[in-house]
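Let me begin by presenting the structure, written as structure tokens, before commenting on it.
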Amino acid sequence: MDYPDFAPKLIDWYNHHQRDLPWRHTKNPYFIWLSEVILQQTRVAQGLPYYVRFTEKYPTIFDLAAADEQELMRLWQGLGYYSRARNLHATAKLVVAQLDGKFPERYADLIKLKGIGPYTAAAIASFAFGERVAVVDGNVYRVLARIFGVDQDITSTEGKKTFQSLANVLISPHNPSVYNQAIMEFGAVQCSPASPDCLLCPFQEQCVANATGQQNKLPVKAKKAPPRKRFFHYFVVEQNGKLALKQRTQKDIWQELYDFYLLEPAAPAASLDELDPNDALRALLQNASKISRSDGFVHLLTHQTIEAIFWRVTVEGEKEITLPEGLVFYSATQIEQLPKPVLIGNYLVANYTF
Ligand code: SF4
């Protein structure tokens with residue numbers, strides 16, 4: 001198809017089919033940034049309540065910069081990829097401390113901020129400030145690959161360059177903001193991954209994928225490695241109605257969230273002996289009045305599958321024990337306030353009244 005036809009046709013489609021979403025009613029770069037970070041790796045239906053909660057709790061970048069880290073992580077709970085929340089906080093602090101709370105207006109400056117990559121920088125620069133810089137996300141790859149029949153791998157450096165160049169040529173010089181929103185919306189609504197609505201598509205006649213029946217083959221994406229399997233054995237130490245938790249400080253999933261004492265063998269283990277507890281844990285187990293083992297919990301993350309067993313270790317009230325390093329007893333009310341991985345939250349809901 002002719003390149004000049006592309007943007008007007010797309011914008012016309014958008015004017016008739018766009019969903020009414022709260023971040024579409026603002027030019028405030030802070031709200032646009034929040035929405036874009038929340039929506040990374042997240043469906044709109046899932047991200048929308050988080051966006052509403054964040055904008056209510058932190059209505060300005062000054063509020064976010066001054067936020068209590070633990071409270072922020074708690075608000076993020078369930079969205080996954082927790083480094084996004086930490087980066088939001090770090091960038092808010094920097095923009096407040098060094099830029100008087102004013103977001104940079106140019107793509108070239110935005111991309112220097114922590115947690116803001118090419119896609120988010122392009123979204124903020126174009127939506128808030130009208131800069132002509134094309135966004136390229138999963139939706140855009142799909143739409144361009146199908147309409148123009150581009151069969152390069154979208155995960156390869158070469159492929160990324162090709163799509164970015166094409167997107168830069170296609171973007172409307174008159175209305176880059178609406179164009180960028182239109183192409184993403186078109187990918188999400190009309191040209192969806194599994195069931196593109198080709199029959200009612202304005203690009204039906206020009207689309208290479210439609211003409212050649214390649215909707216399911218485009219875009220081309222190299223096969224991902226299968227998820228890594230991990231085996232978690234949690235020890236839930238319970239005394240006087242309190243449970244012992246610790247903050248995860250290591251560079252791993254769920255950094256800074258709270259979970260229980262954890263042993264992670266390389267292969268599934270059926271008994272405590274197979275787990276080979278260390279001295280601190282062994283001493284704790286010897287003091288327990290009761291130890292019970294849960295059924296397995298399977299928890300799926302994008303790149304990992306976790307098979308978790310919970311060992312409930314009950315210690316009588318008056319017994320003096322030494323908790324392994326990092327563990328602290330918390331009451332039910334305190335635990336409710338702690339940011340926790342969904343796996344831990346699910347276990348608590350299934351086994352306790354909080
Ligand atoms: S014709 Fe089908 S595959 Fe092509 S752009 Fe339209 S919805 Fe997508």
Straight-line distance of Thr302 OG1 to Lys224 NZ, nearest 0.5 Å: 7.0 Å
4.5 Å side-chain heavy-atom contact, Val328 and Leu323: no
Distance (rounded to the nearest 0.5 Å) between Thr60 OG1 and Asp63 CG: 3.5 Å
Any Lys217 side-chain heavy atom under 4.5 Å of Thr212 side chain: no
Backbone of Phe232 reached by a side-chain donor or acceptor of Glu264 within 3.5 Å: no
Asn240 backbone acceptor or donor facing Lys242 side chain under 3.5 Å: no
Thr42 side chain vs Gln40 backbone, donor-acceptor pair below 3.5 Å: yes
Leu281 vs Leu275 side-chain heavy atoms within contact, under 4.5 Å: no
Audit row: Gln70, Leu338, side-chain contact (heavy atoms from CB on, under 4.5 Å) steps and yes/no: CA-CA 7 Å; Gln70 190 162 306; Leu338 294 176; 3.3 Å; yes
Shared hydrophobic cluster, Phe163 / Val169 (ILVMFWY, side-chain heavy atoms < 4.5 Å): yes
Side chain to side chain, Tyr119 and Glu36, heavy atoms closer than 4.5 Å: yes
Approximate separation, where rounding is to 0.5 Å, of Arg106 CZ and Glu131 CD: 3.5 Å
Glu336 bridged to Arg74 by N-O distance under 4.0 Å: yes
Chi angles and distances behind the side-chain contact (heavy atoms from CB on, under 4.5 Å) call for Tyr179, Tyr14: CA-CA 9 Å; Tyr179 169 89; Tyr14 182 65; over 6 Å; no
Where Lys340 and Leu257 come nearest, the two heavy atoms and their spacing: C-CD1, 3.8 Å
Exceeds 12 heavy-atom contacts within 6.0 angstrom, atom CZ of Arg19: yes
Mutual orientation of the aromatic rings belonging to Trp311 and His233 [parallel < 30°, tilted 30-60°, perpendicular > 60°]: parallel
Main-chain N/O of Gln18 paired with Arg24 side-chain donor or acceptor, under 3.5 Å: no
Qualifying side-chain hydrogen bond (donor to acceptor under 3.5 Å, both in side chains) pairs with a residue from residues 272-283, counting only residues at least two apart or across chains: Tyr261-Asn278
Under 3.5 Å donor-acceptor, Asn28 side chain and Tyr30 backbone: yes
Joint cluster assignment, Val315 & Tyr352, ILVMFWY side-chain distance < 4.5 Å: no
Pairwise side-chain contact, Trp33 with Leu64, heavy-atom cut-off 4.5 Å (strictly under): yes
Path from Val140 to Ile116 over hydrophobic side-chain contacts below 4.5 Å: yes
Whether Ser289 side chain and Thr314 backbone form a donor-acceptor pair below 3.5 Å: yes
Distance-minimising heavy-atom pair for Ala121 and Leu110: O-CD1, 3.7 Å
Counterpart residues, ring-ring contact (aromatic ring centres under 6.0 Å, His included), relative to Phe31 (two or more places apart): none
N-O pairing of Asp109 and Lys112 below 4.0 Å: yes
Arg142 vs Asn139, side chain to side chain donor-acceptor pair (under 3.5 Å): CA-CA, chis, key distance, verdict: CA-CA 5 Å; Arg142 187 168 57 258; Asn139 286 316; 2.6 Å; yes
Distance in Å, Leu245 CG paired with Leu348 CG, rounded so as to fall on 0.5 Å steps: 7.0 Å
Which atom of Gly101 lies closest to which atom of Ile61, heavy atoms considered: O-CG2, 3.6 Å
Backbone of Val189 reached by a side-chain donor or acceptor of Ser192 within 3.5 Å: no
Single-linkage hydrophobic cluster Met184~Ile171, side-chain heavy atoms < 4.5 angstrom: yes
Candidate pair Tyr258 and Gln334, rule side chain to side chain donor-acceptor pair (under 3.5 Å), full reasoning: CA-CA 11 Å; Tyr258 285 75; Gln334 290 170 321; over 6 Å; no
Heavy-atom side-chain contact between Tyr50 and Trp76 under 4.5 Å: no
Backbone N/O of Lys114 and side chain of Thr91: donor-acceptor pair under 3.5 Å: yes
Residue list, ring-ring contact (aromatic ring centres under 6.0 Å, His included) with Phe186, at least two apart or on another chain: Trp13, Phe203
Between CG on residue Leu75 and NZ on residue Lys57, distance to nearest 0.5 Å: 7.5 Å
same_hphob_cluster(Tyr81, Ile38) at 4.5 Å side-chain heavy-atom cutoff: no
Euclidean distance, Leu200 CG relative to Gln190 CD, rounded to 0.5 Å: 7.0 Å
Lys246 atom NZ, neighbour heavy-atom count above 12 within 6.0 Å: yes
Min side-chain heavy-atom separation Ser172-Ile11 under 4.5 Å: yes
Heavy-atom closest pair, residues Arg146 and Cys191: NH1-SG, 3.2 Å
Step-by-step side-chain contact (heavy atoms from CB on, under 4.5 Å) determination, Tyr330 to Leu243: CA-CA 6 Å; Tyr330 293 97; Leu243 304 183; over 6 Å; no
Asn180 side-chain N/O to Val133 backbone N/O, donor-acceptor pair under 3.5 Å: yes
Glu185 and His17: side chain donor to acceptor below 3.5 Å: no
Atom of Lys221, atom of Asp153 and distance for their closest heavy-atom approach: CA-OD1, 3.6 Å
Worked check of side-chain contact (heavy atoms from CB on, under 4.5 Å) between Leu144 and Val150: CA-CA 7 Å; Leu144 297 185; Val150 185; 5.6 Å; no
More than 12 heavy atoms from other groups under 6.0 Å of CD on Glu205: no
Over all atoms of both residues, closest heavy-atom pair of Ala134 and Gln164: O-NE2, 3.3 Å
Aromatic ring pairing Phe260/Tyr234, orientation class (parallel under 30°, perpendicular over 60°, tilted between): perpendicular
Any donor-acceptor N/O pair, Gln255 side chain to Ser83 backbone, under 3.5 Å: no
Asp100 atom CG: more than 12 heavy-atom contacts under 6.0 Å: no
Heavy-atom check, side chain of Arg86 versus side chain of Glu69, under 4.5 Å: yes
